[in-house]
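Below: one structure, written as structure tokens.
By convention in this document, chain letters (A, B, ...) are assigned in the order of the sequence lines, proteins followed by strands, and residues within each chain are numbered from 1. Side-chain atoms are counted along with the backbone in the values below, which use heavy atoms only and exclude waters and symmetry mates. Because the structure is predicted, anything quoted here is derived from the model rather than measured.
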Amino acid sequence: MNKALLPILARLHSLQTVSHLSPDGGRLIASRSDPNPIIVVLREINETVLARVLHFTTEGGTSLTIEVAGRRILRVADAKGLEGAEPCLAAAVLEDEHKDTLIKLLQALAKPRQEIKLKVGSGTHGSDGISVGLPVALIADLLLVELNGLDAEVVSDVSPPPQVEPQAPIVPAVEGGSAIGRFARANGPVLMAWLILGGEEDGVFEGPEEMVEHLKTFLDDEIKDLTAQLDRLSAAPGQPICLGLGASLSEGHSLLCARAEGSILLGLAEGDCTQTLMQAWLSALQ
Amino acid sequence: MGVVEKLASVTAAYPQARAVAFADLSSSMVLASQGRANVTQEHLDRLCREARTSFDDPLFGLSVQAFGEPHSAIVMGPDSLRVFLRSEDDPADAICSVCDHGIDLTGFLAKLRETLHQISTGV
């Protein structure tokens, strides 16, 4: 067992949550109190969008290894202690004719009230354009399993507090200038010092010169690494993104770094910037 | 109330929250999560990586220089808002969330902070 897992397992135990980790490195997905574990087995498959090898083992000693990708079961790689697996094992790719056999295998594996563990390995098939194999939704339909029932089950025990309509903070409409400039100005006085680098408002700043000079020195020195940090938070390089960092964001000081249309803004906020931040961002992007 | 129920109370109070997860940033592992059914393990893993990136240099270093170690981060993109809070008691403990833009950010942050404190301290 990986020793690095020990403190994490201890933490899970102390949190008194259901541990999803088993000592051999897999995840425990069904317990002895679970009357219908085939539901979680199918949901695990359904949640696996990328190409993966899923290895299910039960405390009874049976196991099933399947290759999945794009919410489809591509093939059965191995089956232990499960009768009638041969047709599926012999198939290079599962097709419609194998669905009944596969259902029997899953039912034999996921017998009620037993522990089932799952280990996930890297798959060999890409998930792009997958059109072969058996869709897990089809298997779920045939077994009358609702794949997307998690929300209702888990949240139903928690009484939601009365909904309070959030008060829309008043963000003055700022017109003209670049998107990043509009964002800076729409934040109002809470953004006490800021500077824009690049784009049509390159070099524009507001705030005490000493602070702005500090921001400029940082941008000059760190622009490459800062751009890389923003890229790691974006869906695509260069995409509009804003990162705010602070002790609490609602009091004290915070840093704001935003990028849009090839410009980068770095600013220092003082006080509660949560009241205006989101509306300023959305209105600037419009 | 266990950690899962505590997270569920956040998503129940703020339906705009697509997912809320409690994570160990030192190992990049999501320990518990709640959210919409279409949030996959891959989404949660990515959310955890983004939390680490948010509390990373160079902006983290500037923050430490300017006013001290940050414990709150917000990431706004064109389509979503992500909020990451680190525990002041144990900075490896973090709560990570992705939500829709329409959320009451001030109230949501306060709720997340309270939840993280409860989980981290075992209250």
Side-chain angles (χ1 to χ4, degrees), chain A residues 4 8 11-12 14-18 20 47-50 120 147-151 154-155 157-161 163-164 166-167 214 218 221-222 225-226 229 232-235 239-250 252-255 257-258 266 268 272 274-275 277-278 281-282 285, chain B residues 2-5 8-9 11-13 15 22 24 27 29 31-32 34-42 49-50 53-63 65-79 81-82 85 93 101-110 113 119 122:
Chain A
I8 297 166
R11 190 71 211 282
L12 280 166
S14 71
L15 289 167
Q16 295 182 314
T17 181
V18 176
H20 293 298
E47 287 186 9
T48 309
V49 178
L50 303 176
V120 181
L147 288 174
N148 297 313
L150 287 174
D151 277 347
V154 182
V155 180
D157 291 337
V158 181
S159 303
Q163 284 292 304
V164 179
Q167 286 187 329
H214 192 64
F218 177 81
D221 293 344
E222 302 284 354
D225 289 342
L226 189 61
Q229 185 176 18
R232 292 204 302 277
L233 293 168
S234 312
Q239 197 184 53
I241 194 84
C242 175
L243 169 61
L245 269 186
S248 72
L249 296 170
S250 53
H253 290 96
S254 307
L255 284 174
C257 182
L266 184 61
L268 181 67
D272 186 358
T274 64
Q275 296 284 341
L277 196 56
M278 201 157 49
W281 177 246
L282 293 176
L285 290 185
Chain B
V3 62
V4 171
E5 288 77 16
S9 74
T11 54
F22 177 62
D24 177 357
S27 61
M29 186 174 282
L31 300 174
Q34 276 293 283
R36 297 175 192 171
N38 60 357
V39 175
T40 64
Q41 188 61 44
E42 280 83 4
R49 284 198 303 274
E50 289 172 344
T53 299
S54 299
F55 294 111
D56 198 0
D57 286 335
L59 209 60
F60 183 88
L62 178 63
S63 171
Q65 281 178 28
F67 51 79
E69 199 165 314
H71 294 281
S72 309
I74 179 172
V75 178
M76 296 185 295
D79 306 315
L81 169 76
R82 285 152 281 171
L85 300 184
D93 283 357
H101 279 135
I103 201 161
D104 165 19
L105 183 58
T106 308
F108 186 56
L109 270 168
R113 195 167 291 117
I119 295 173

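Put simply, of A:A235, A:S234, A:S254, A:A258, the one with the most heavy-atom pairs under 4.5 Å next to chain B is A:S254. No other option in B:L109, B:D56, B:L85 has as many heavy-atom pairs under 4.5 Å with chain A as B:D56. Chain A forms more heavy-atom pairs under 4.5 Å with one residue of B:P70, B:G61, B:S72 than with any other, namely B:S72.
When heavy atoms are compared at a cutoff of 4.5 Å, B:E42 approaches chain A solely by way of its side chain, counted from C-beta outward. Contact of A:L285 with chain B is made through the side chain alone, with heavy-atom distances under 4.5 Å. Only the side chain of A:L282 has a heavy atom closer than 4.5 Å to any heavy atom of chain B. Residue contact with chain A, scored on non-hydrogen atoms closer than 4.5 Å, involves the side chain of B:L81 exclusively. With a 4.5 Å cut-off on non-hydrogen atoms, B:D79 does not touch chain A at all. For B:R82, the part lying under 4.5 angstrom from a heavy atom of chain A is the side chain only. For B:I74, the parts lying near chain A are the backbone and the side chain together; criterion is any non-hydrogen pair under 4.5 Å. Contacts between A:D272 and chain B at a heavy-atom distance below 4.5 Å involve the side chain alone, from C-beta outward.
Annotation: side chain of B:L62 is not in contact with side chain of A:L226 (no heavy-atom distance under 4.5 Å). Contact check for B:L31 versus B:V3: no side-chain heavy atoms found under the 4.5 Å cut-off. At least one side-chain heavy atom of B:I103 sits under 4.5 Å from a side-chain heavy atom of A:M278.
Considering every non-hydrogen atom in both B:D93 and B:F22, the closest pair reads CG-CZ, 3.7 Å. Contact detail for B:R113 and A:S248: the closest heavy-atom pair is NH2-O, 2.8 Å. Smallest separation of non-hydrogen atoms from B:T106 and A:Q275: OG1-NE2, 3.4 Å.
Between B:F60 and B:F55, the ring planes lie perpendicular to each other; the angle is over 60°, past the 30° to 60° tilted range.
Of the possible donor and acceptor atoms, one in the side chain of A:Q229 sits under 3.5 Å from a partner among the backbone N and O of B:T53.
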